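We name chains A, B, ... by the order of the sequence lines, and we start the count at 1 in each one. If you're wondering where the values come from, they're calculated on a predicted model, not measured in any experiment.
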Amino acid sequence: MEWVLIKNLKNHSGQEVEVRGWLYNKRSSGKIIFLIVRDGSGLLQCVIAKKEQPELFQLVEGITQESSIIITGAVREEPRSPGGMEMQPKDIRIISIAENYPITLKEHGVDFLAERRHLWIRTPKQSALLRIRSTVEQACRDFLNRRDFVLADAPIITPAACEGTTTLFELDYHGEKAYLSQSGQLYNEAAAMALGRIYCFGPTFRAEKSKTRRHLMEFWMLEAEAAFFDFEDNMKLQEELIYYIIQSVLEKHATDLKILNRDVEKLQKISLPFPRLSYTQAVELLRQKGRQFEWGNDFGAPDETAISDNFDAPVFVHRFPTKIKAFYMKPDPSDPGVVLGADLLAPEGYGEIIGGGQRLDDLSLLEERIREHNLPGEAFAWYTDLRRYGTVPHSGFGLGIERTVAWLCGTEHVRETIPFPRTLYRLYP
RNA sequence: UCCUCGAUAGCUCAACGGUAGAGCAACCGGCUGUUAACCGGUAGGUUGUAGGUUCGAAUCCUACUCGAGGAGCCA
């Protein structure tokens, strides 16, 4: 008997197959029982009539929610069944009867669910989110690999802050202070000088006590870096990547997006190129909308939402004031008061999903910036070396995976876009 | 760190100074096409903790604990 995943059952209509999974729900009306079985790929309805299968009917009455079972039987198309396919089981093997399951099909609060995240991920919406996350990650790799980018993983344990600004998680490295990485970027620059076009993809850590729906203590970031890419090349690469991710998700996840009630039209109508707005233009836009904003300040979350609300596609905001950006950003040669950096703001108020730009490639200016920002010169000696031995113009960016998935799925909170979120004040499970 | 809100049955909530209640889940029974099925019944509580006000507190006051949303910071 062939073991088939529920999502592939439509290719087996009329055949007898085996499905392995868990009982998601059971509905009985005395002489007929409907089982809803899940296997991680989808939901399958099974129907058993008492008159036709008395022993099986009795067996099934004792199967509880989330019990693990292996069922065999013929599947056929059935419009009344969720998922479109239905099985009439010939045999059901019980692997394990589940104890009284805490997560019911009714509504639950966030605290209750977060405390049971290990079980919450079994529910349809959470599974759909995680499947889409997997596709987003795969699309990132596929896209960059096709563009001849080499995967060069950056370290997680680092000796010093990359940007010197944010609060980091400190750890004891055999008596020496070390920190969990908040960005692989500086290492990426070194790797790009070795391999040309590279990316890293892994978790990053921020110890700030951020407590919003857009923040996690541990989140995943795709960071790409390319030698000889200028600012414009960089933005073009980013928008093509995002476009590729959108198309991959639309193509592979029609069912999941439906489970999530996502308005897919909003994703379908996004086209290239993405709109571009300079920081100065963005400030003007905010003022037009009646918001108080002074040139030279950084945008807050409500400002970002106000800007992105003007566009259907993600929008680049570029050329920020040099003073509010990181030390490694390259000033615009035609206006040194601003840098060749850009943030990509997702539509519908999901905020910044990419930050990137052209890097400072001039040795003396970089050394000056390191001093200005009061960064320890010794710790950055290797980084300035990159400008000493064959420096080239180069650019890169970092894409926040959870925010991207939240936007694509139309989910309120990023904590649902990662299997086991690390949020402020919650380290369990 | 700051601001706002919340904590009552396993879950989601009601009771707003006068005997703690409903729906769901659990358990028992009924129902031949259910869609979070439905119908009847049973059981389920030191109202987050500690103090105070009151004849009387889930309800009012104070502190604390835990959590949520937001700000700042960021992806």
Side-chain angles (χ1 to χ4, degrees), chain A residues 24-36 43 45-53 57 61-62 64-66 78-84 86 88 98-116 119-120 123-125 162-163 165-168 181-185 203-223 238 297-305 324-326 343-346 350-356 397-407 412-415 417-418 423-426 428:
Chain A
Y24 175 64
N25 192 17
K26 183 173 69 177
R27 287 187 287 269
S28 164
S29 34
K31 304 222 165 81
I32 188 165
I33 276 187
F34 295 94
L35 300 178
I36 311 296
L43 293 177
Q45 177 166 286
C46 302
V47 59
I48 298 152
K50 193 174 191 174
K51 204 167 128 192
E52 290 159 37
Q53 297 173 287
F57 191 92
E61 279 186 313
T64 55
Q65 189 188 358
E66 287 301 317
E78 170 55 69
R80 287 174 293 186
S81 165
E86 187 172 83
Q88 189 174 351
E99 291 176 27
N100 193 5
Y101 195 64
I103 298 184
T104 67
L105 272 56
K106 299 280 175 181
E107 216 177 296
H108 295 288
V110 281
D111 187 46
F112 179 83
L113 291 169
E115 195 71 13
R116 292 159 184 80
L119 303 176
W120 186 20
T123 60
K125 278 192 181 183
C162 271
E163 308 188 5
T165 49
T166 50
T167 323
L168 304 181
S181 172
Q182 56 141 334
S183 165
Q185 192 213 306
T204 46
F205 307 87
R206 305 282 163 93
E208 279 130 353
K209 300 203 167 174
S210 302
K211 193 171 160 47
T212 80
R213 73 185 73 180
R214 298 177 309 279
H215 289 90
L216 296 171
M217 300 297 103
E218 176 182 305
F219 65 97
W220 282 64
M221 193 152 64
L222 173 81
E223 293 181 277
Q238 290 168 43
N297 288 342
D298 210 349
F299 299 126
D303 301 313
E304 288 181 352
T305 303
I324 59 170
K325 284 294 178 182
D343 287 352
L344 185 66
L345 306 181
Y350 280 92
E352 183 185 345
I353 53 171
I354 291 183
F397 63 90
L399 168 71
I401 294 301
E402 288 77 15
R403 283 187 188 178
T404 303
V405 175
W407 160 52
E412 275 291 295
H413 205 298
V414 290
R415 68 179 159 220
T417 65
I418 184 168
T423 55
L424 191 64
Y425 308 133
R426 191 181 288 285
Y428 178 92

Q.
Once you apply a heavy-atom cut-off of 4.0 Å, does A:I33 come out as touching a base, just sugar-phosphate, or nothing?
A. nothing

Q) Got a donor-acceptor pair under 3.5 Å from the side chain of A:H215 to the base of B:C74? A) yes

(Q) Distance check, rounded to the nearest 0.5 Å: A:E304 atom CD versus A:F299 atom CZ? (A) 8.0 Å

Q: Would you mind classifying the nucleic acid contact of A:E402 as base, sugar-phosphate or nothing, using non-hydrogen atoms under 4.0 angstrom?
A: nothing

Q: Kindly say if A:H108 contacts the phosphate of B:C24, meaning a side-chain N or O under 4.0 Å from OP1 or OP2.
A: no

**Q.** Side chain of A:E352 - closest among B:A75, B:U32, B:A25
**A.** B:A75

Q.
For a quick check of understanding: with a heavy-atom distance under 4.0 Å over all strands, which category does A:E107 fall into, base, sugar-phosphate or nothing?
A. base

Q.
Please classify the nucleic acid contact of A:D298 as base, sugar-phosphate, or nothing, using heavy-atom distances under 4.0 Å.
A. sugar-phosphate

Q. Looking at the side chain of A:S29, which of B:C31, B:A71, B:U1 is the nearest nucleotide?
A. B:C31

Q) At under 4.0 Å between heavy atoms, what does A:P82 touch on the DNA or RNA strands: base, sugar-phosphate, or nothing? A) base

Q. Counting any heavy atom closer than 4.0 Å, what does A:F112 reach on the DNA or RNA strands: base, sugar-phosphate only, or nothing?
A. sugar-phosphate

(Q) For a quick test of reading the model: is some side-chain N or O of A:R214 closer than 4.0 Å to OP1 or OP2 of B:A71? (A) yes

Q.
Using only modelled atom types and a 3.5 angstrom limit, is any donor from either the side chain of A:S210 or the base of B:C73 paired with an acceptor on the other?
A. yes

Q) Reckon A:K50 touches a base, only the sugar-phosphate, or nothing at all at heavy-atom distances under 4.0 Å? A) nothing

**Q.** Nucleotide nearest A:R403 when distance is taken to its side chain, options B:G33, B:A75, B:G69
**A.** B:A75

Q: Describe the nucleic acid contact of A:Y425 in one word from base, sugar-phosphate, nothing, applying a heavy-atom distance below 4.0 Å.
A: sugar-phosphate

Q) Counting only side-chain N and O atoms of A:K106, is one of them less than 4.0 Å from OP1 or OP2 of B:C24? A) no

(Q) With a 3.5 Å cut-off and heavy atoms only, can you find an N or O donor on one side and an acceptor on the other between the side chain of A:K211 and the base of B:A71? (A) no

Q) Of the nucleotides B:C74, B:U1, B:U34, which has the atom closest to the A:R80 side chain? A) B:U34

Q) Atom CD1 in A:I36, atom CZ in A:R27: separation rounded to 0.5 Å? A) 4.5 Å

Q.
Regarding A:R426, tell me which of base, sugar-phosphate or nothing describes its non-hydrogen contacts under 4.0 Å with the strands shown.
A. sugar-phosphate

(Q) Heavy atoms only, 4.0 Å cut-off, all strands: where does A:R116 land among base, sugar-phosphate and nothing? (A) nothing

Q) Can a donor-acceptor pair under 3.5 Å be found between the side-chain atoms of A:E86 and the base atoms of B:G33? A) yes

Q: Rounded to the nearest angstrom, tell me the gap between atom CZ in A:R415 and atom P in B:G67.
A: 13 Å

Q | Selected nucleotide, minimal atom distance to A:F34 side chain, candidates B:G33, B:A75, B:C11 | A | B:G33

Q | A:E61 vs A:K26, salt bridge (Lys or Arg N to Asp or Glu O under 4.0 Å): CA-CA, chis, key distance, verdict | A | CA-CA 9 Å; A:E61 279 186 313; A:K26 183 173 69 177; over 6 Å; no

Q) If you measure from the C1' atom in B:U47 to the same atom in B:U42, how many Å do you get, rounded? A) 24 Å

Q.
What's the separation between atom CZ in A:R415 and atom NE2 in A:H413, rounded to the nearest 0.5 Å?
A. 4.0 Å

**Q.** Closest non-hydrogen atom pair, A:E223 against A:G184
**A.** OE1-N, 2.7 Å

Q: Check step by step if side chain to side chain contact (heavy atoms under 4.5 Å, CB included) holds for A:W407 and A:I353.
A: CA-CA 9 Å; A:W407 160 52; A:I353 53 171; 4.2 Å; yes

Q. Base, sugar-phosphate alone, or nothing: which one does A:G109 contact when heavy atoms must sit under 4.0 Å apart?
A. sugar-phosphate

Q: Remember a base hit wins even if backbone is also touched, and classify A:T204 as base, sugar-phosphate or nothing at under 4.0 Å, heavy atoms.
A: nothing

Q) Between B:A25, B:U34, B:G33, which nucleotide gets closest to the side-chain atoms of A:V47? A) B:G33

